[in-house]
Undergrad: 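Here it is, the structure, as structure tokens.
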There are 2 protein chains.
Amino acid sequence: MGHPIATTRPQLKALCHQCSLSKLCLPLAVGEDDIERLEDIIKQGRSFSRGETIFEQSEKATSCFAVRGGAIKTTIINKSGDEQVTGFYLPGEIMGLDSISGNSYACSAYALERTSVCELPIDHMEVLARKLPTLQHHFFQLMSSEIQSSQQHAMLLSKNTAEERIASLLLSLSSRFERRRLSPTRFNLPMARNDIANYLGLAVETVSRVMTRFQNQGLINAKGREVELLDVELLQEVALTFARCKS
Amino acid sequence: MGHPIATTRPQLKALCHQCSLSKLCLPLAVGEDDIERLEDIIKQGRSFSRGETIFEQSEKATSCFAVRGGAIKTTIINKSGDEQVTGFYLPGEIMGLDSISGNSYACSAYALERTSVCELPIDHMEVLARKLPTLQHHFFQLMSSEIQSSQQHAMLLSKNTAEERIASLLLSLSSRFERRRLSPTRFNLPMARNDIANYLGLAVETVSRVMTRFQNQGLINAKGREVELLDVELLQEVALTFARCKS
DNA sequence: CTGTATACTTGATATCCGTCAAGTCATCCT
DNA sequence: AGGATGACTTGACGGATATCAAGTATACAG
């Protein structure tokens, strides 16, 4: 109706059906026929450069986000002002599921590099989830595995040595790159040593030392943020070594 | 119709509307009118004595559980055979939300004392959640805060000293007892020192030492599993002490 | 290009907590 | 009651990792 071109604002509505991540992301839970209803709700295209804030803890929580490109870290700040990195999110992953309860975001989210996201308004998603059983189911699954992975992380922090933690992180990143059909053995770390240390409950210096130790042992080849995994099997061994020795 | 008494098998259907926990548990999310639909689905009355298994990791997951009485611990076992206590669940709390994804339970659950639970079959709950918006919403909230609390726990493990961890646990238990209108300052620990240690990523000996240190400082009065909190405010200070010193 | 801030690495020292060992206490079963 | 088993406590010691300190490399702004 009128002004066919002038009225078309910058594309906001998502185009899930032609997104390269549709097989990894939310659309996988929705039939071809219903994908349009998803697209009606999702706001696409917000983009952030390195270091920018996507949302901040205790800001009013309205949306979850699907990562389209780049990488994100989430952090929480406790009452004493300490910051803790709670997770890293890569393309195809959904972030912010912890913020559905309460009214405000439970963490802050920052772009680690040039990053774009799709926004999933929580209230709209809840309504749609009631209409699309597979979508509701998928949300329950996503949240459930978020609980699981954060329990696994707690376990890593409470029971494992510095070497095991770092080996685990490298392997986790590796398999998440592989999922996206990228090389599982050669990639750039999207985050700084500092973030790794914080995430793993270690000091930066320890991360640095372990990385060079791994390098000397021929496990990896690392220069700055460029990493090459030279011996994945041995890394997997390391991720279990100490626990094994005990038994 | 017919056989009015002979056919009434032992009561399995739940009676949420007359449960003393209904204000804390699932029913809070459901209007008076719909509570019967909840009762149709929930299986009440399974009961376990101390040490018994409620479900085991990697067993087929069919249900979540609401704790009616007693106390439960959940544990996960990693590939190297180490056991990690991931949580304690008290009356009014929902357990097993981490097991919705995947087909099998993500953890094992054991009764810490004489315990009774109500069983929430996952598939039925999903169907009902689609019909009762407030129920769906509540489930999302529950799962979301489960993510949050397990992130908080990870933070506790990675950044806090033994004293801080133990103070935090005592305070957490305290407020959960208070929620049930029990004394927040005088209660019995439902779990062994061993479980506390494991949950907090410490050695039993450390837990023991810190407890006696707290006792000597006049913070608590503890004999075995009986605990009295003598100075809650100071305990809250302790739960933050070290972090504060750093800044 | 040049300087400066930031990221990263490496070394020396300190410390919290785990491990080992032994002892005390509580509980349970016959 | 009595013995045994497990739960808890207490002490001595060592080790993994944090902290402190300094140096090197990288990134970025002008």
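Lettering follows sequence order; numbering is per chain, from 1. Any value given below was found using the heavy atoms of this structure, including those in side chains, with hydrogens, waters and symmetry copies removed.
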Undergrad: Report the residues that fulfil side-chain contact (heavy atoms from CB on, under 4.5 Å) with B/Arg50, sequence neighbours left out, ordered by chain and then residue number.
TA: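 With sequence neighbours excluded, B/Arg50 shows a side-chain contact (heavy atoms from CB on, under 4.5 Å) to B/Arg225, given in chain and number order.
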Undergrad: In terms of side-chain heavy atoms, does A/Arg46 have a donor or acceptor partner in A/Ser116 at a distance below 3.5 Å?
TA: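 Looking only at side-chain atoms, A/Ser116 and A/Arg46 do not form any donor-acceptor pair under 3.5 Å.
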Undergrad: Does anything in residues 195-209 of chain B form a salt bridge (charged side-chain N to carboxylate O under 4.0 Å, His left out)? List the pairs, not counting sequence neighbours.
TA: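 Found B/Lys73-B/Asp195.
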Undergrad: Whole angstroms only, please: what is the CZ-C1' distance between A/Arg165 and D/dA16?
TA: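 Distance check: A/Arg165 CZ to D/dA16 C1' gives 10 Å.
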Undergrad: Rounded to whole angstrom units, what separation is found between the CD1 atom of A/Ile166 and the C1' atom of D/dT17?
TA: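 Value for this atom pair: 11 Å.
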Undergrad: Within the 4.0 Å limit for protein heavy atoms, which parts of nucleotides 23-30 of chain C are touched? Write it as a string from 5' to 3', B for base, S for sugar-phosphate only, - for none.
TA: ---S----
Undergrad: Kindly list each side-chain donor-acceptor pair under 3.5 angstrom involving residues 55-72 of chain A, sequence neighbours excluded, with atom names and distances?
TA:
residue: A/Gln57; atom: OE1; partner: A/Ile77; partner atom: N; Å: 2.9
residue: A/Gln57; atom: NE2; partner: A/Ile77; partner atom: O; Å: 3.4
residue: A/Glu59; atom: OE1; partner: A/Glu56; partner atom: N; Å: 3.0
residue: A/Ser63; atom: OG; partner: A/Glu119; partner atom: OE2; Å: 2.9

Undergrad: Mind checking side-chain hydrogen bond (donor to acceptor under 3.5 Å, both in side chains) for B/Ser158 and listing every partner two or more places apart, or none if nothing turns up?
TA: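 For B/Ser158, the residues satisfying side-chain hydrogen bond (donor to acceptor under 3.5 Å, both in side chains) (neighbours in sequence not counted) are A/Gln84.
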Undergrad: Check whether any side-chain heavy atom of A/Leu202 lies under 4.5 Å from a side-chain heavy atom of A/Ile166, and answer yes or no.
TA: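 A/Leu202 reaches A/Ile166 side chain to side chain.
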Undergrad: Scan B/Ala162 against the nucleic acid and name what it touches under 4.0 Å (heavy atoms): base, sugar-phosphate only, or nothing.
TA: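 Sugar-phosphate contact only - B/Ala162 comes under 4.0 Å of backbone atoms but never of a base.
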Undergrad: In whole angstrom, give the distance that lies between atom CG of A/Leu200 and atom P of D/dT17.
TA: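 Atom CG in A/Leu200 sits about 12 Å away from atom P in D/dT17.
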Undergrad: Grab the CG-P distance between B/Leu157 and C/dC16 for me, whole Å please.
TA: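 After rounding, the gap between these two atoms is 19 Å.
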Undergrad: Nearest whole Å is fine: how far is C/dT9 C1' from A/Ile196 CD1?
TA: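 In whole Å, C/dT9 C1' and A/Ile196 CD1 are 14 Å from each other.
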Undergrad: With sequence neighbours left out, what residues match B/Leu173 under side-chain contact (heavy atoms from CB on, under 4.5 Å)?
TA: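 Counting only residues at least two positions away or on another chain, B/Leu173 forms a side-chain contact (heavy atoms from CB on, under 4.5 Å) with B/Leu90, B/Leu169, B/Arg176, B/Phe177, B/Phe187, B/Leu189, B/Met191.
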Undergrad: Going by the rule side-chain contact (heavy atoms from CB on, under 4.5 Å), which residues pair with B/Ser20 if we only count those two or more places apart in sequence or in a different chain?
TA: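 For B/Ser20 there are no side-chain contact (heavy atoms from CB on, under 4.5 Å) partners, ignoring immediate neighbours.
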Undergrad: Report the residues that fulfil side-chain contact (heavy atoms from CB on, under 4.5 Å) with B/Ser149, sequence neighbours left out, ordered by chain and then residue number.
TA: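 Per chain and number, B/Ser149 pairs via side-chain contact (heavy atoms from CB on, under 4.5 Å) with no residue.
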Undergrad: Would you mind building the protein contact string for nucleotides 6-15 of chain D? One character per nucleotide, 5' to 3', B for base within reach (heavy atoms under 4.0 Å), S for sugar-phosphate only, - for untouched.
TA: --SBBBB---
Undergrad: Taking salt bridge (Lys or Arg N to Asp or Glu O under 4.0 Å) as the test, write out the residues that go with B/Arg193, two or more places apart.
TA: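 For B/Arg193, no residue satisfies salt bridge (Lys or Arg N to Asp or Glu O under 4.0 Å) once neighbours in sequence are set aside.
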Undergrad: Without decimals, in angstroms, what is the distance between A/Lys159 NZ and D/dA16 P?
TA: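 Rounding to the nearest Å, NZ of A/Lys159 and P of D/dA16 are 18 Å apart.
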Undergrad: Which residue pairs satisfy the ring pair (Phe, Tyr, Trp, His ring centres under 6.0 Å) criterion with at least one member in residues 151-173 of chain B, sequence neighbours excluded?
TA: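 Qualifying pairs, neighbours excluded: B/His153-B/Tyr199.
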Undergrad: Tell me: CG of A/Asn188 to C1' of D/dT26, nearest whole Å?
TA: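 Answer to the nearest Å: 14 Å.
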Undergrad: Angle between the end axes of the helix from C/dC1-D/dG30 to C/dT30-D/dA1, five pairs per end, to the nearest 10 degrees?
TA: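 The value is 50°.
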Undergrad: Atom CD of A/Glu113 and atom P of D/dC28: how far apart are they, to the nearest Å?
TA: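 Distance check: A/Glu113 CD to D/dC28 P gives 13 Å.
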